[in-house]
Number of protein chains: 2
Amino acid sequence: MRNENKPVYLKLRDIIAAAILDGDFSEGAMLPSVRAFAAQQGANPLTVAKAYQLFQDDGMVQVKRGVGLFVARGAVAKLRKSEKQNFLKNVWPDVKAQMDRAGIRPSELLEDC
Amino acid sequence: MRNENKPVYLKLRDIIAAAILDGDFSEGAMLPSVRAFAAQQGANPLTVAKAYQLFQDDGMVQVKRGVGLFVARGAVAKLRKSEKQNFLKNVWPDVKAQMDRAGIRPSELLEDC
DNA sequence: ATAACTGAATGAGTGCCATAATACAGTAGG
DNA sequence: CCTACTGTATTATGGCACTCATTCAGTTAT
């Protein structure tokens, strides 16, 4: 697998990012507290905090100390753009090389286009 | 990046796999010795041995102790099949999910089809 | 025999990850 | 005020994966 070999704090980051992109948390909405999310995911609160920290560094999550963490304005578009750039720059080249080596044609993967 | 965060022995594995799939080493041919390949790649011989070990475990590389490592019969087809199955089962689902979340359409990535 | 090459095992060192146990700091509500 | 909730900092610890230096073991050619 690919998600299994990833550190917990990065897996948590992905879960949060997916939730934000899926609209589970609108902009301005409060995210689950560190302790609550830790309990829900069966993880350590500090590990959750480390995951949240990644979003704070990018300004996608605003912290109101003593209150909670909130999805920043414009975070959804910013996150989607960031995810896209990362995919095109870091993920896709390797994926394409892997496909070429394995002899996989794109038509095997897609129904449309 | 993605290859940068990967352990050296897995990067070496990929290099070897690509070389075999590209036909740089035909079936029955001797692979570079552990020390030679290590020197060539600027890696430690034991790390190279660990990479080679992965192929031995799958029976794609035959070892003649004291002589060298050789590409096993049927290894190319076996390797290509293995790479394909791994891609379809472990890589592609995550990649597709990532594309959907980031709003990337397949047509942005492919010229043909 | 001996030199020069092969792969392989043992053990140690290193760094990241995850956790635990506290303690601290800020905010809201009764 | 006080309680209960927020996020955060500190320190220590255990575990695990990766890497490597050393050494051993097998083969071949001279």
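Side chains included, hydrogens not; waters and symmetry mates left out as well; all remaining heavy atoms used. The sequence lines fix the lettering, A, B, ..., with proteins before strands; numbering per chain opens at 1.
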Rounded to whole angstrom units, what separation is found between the CD atom of B/Gln62 and the C1' atom of C/dA8? 17 Å
Quick one, which residues of residues 51-59 of chain A touch DNA chain D with a heavy atom under 4.0 Å? A/Gln56
So which of residues 42-49 of chain A are in contact with DNA chain C, with a heavy-atom cut-off of under 4.0 Å? A/Asn44, A/Leu46, A/Thr47
Per B/Arg35 side chain, nearest of listed nucleotides C/dA23, C/dT6, C/dC17: C/dT6
Rounded to the nearest Å, what distance is computed from the NZ atom of residue A/Lys6 to the C1' atom of nucleotide D/dA17? 18 Å
If two hydrophobic side chains count as joined below 4.5 Å and joins carry through other members, does A/Tyr9 share a cluster with A/Ile16? no
What is the separation between atom CZ on B/Phe70 and atom C1' on C/dG7, rounded to the nearest whole Å? 11 Å
Could you tell me how far apart B/Arg13 (CZ) and D/dA17 (C1') are, to the nearest whole angstrom? 18 Å
A/Lys50 has an atom NZ; how far is it from atom C1' of D/dT10, in whole Å? 15 Å
So that I can tick it off, tell me whether A/Glu83 and A/Lys89 are bridged by a salt bridge, with the cut-off set at under 4.0 angstrom between side-chain N and carboxylate O. no
Is there a path of hydrophobic side-chain contacts, each under 4.5 Å between heavy atoms, that joins A/Val95 and B/Leu21? no
Quick note, B/Val8 side chain, CB onward, closest among D/dG7, D/dT19, C/dA8 is D/dT19
Residues B/Lys78 and B/Asp58: closest non-hydrogen pair is NZ-O, 2.9 Å
Do A/Ile104 and B/Met99 belong together in a cluster built from hydrophobic side chains that touch within less than 4.5 Å? yes
Every protein N/O within reach of nucleotides 25-27 of chain C N/O, cut-off under 3.5 Å:
| residue | atom | partner | partner atom | Å |
| --- | --- | --- | --- | --- |
| C/dG26 | N2 | A/Gly66 | O | 2.8 |

Using the rule that two of Ile, Leu, Val, Met, Phe, Trp, Tyr join whenever any of their side-chain heavy atoms come within less than 4.5 Å, decide whether A/Tyr52 and A/Val71 are in one cluster. yes
A/Val48-A/Ile15 co-clustered via ILVMFWY side chain contacts under 4.5 Å: yes
By nearest nucleotide on DNA chain C, pick out whichever of A/Tyr9 and B/Leu69 is the more 5' one. B/Leu69
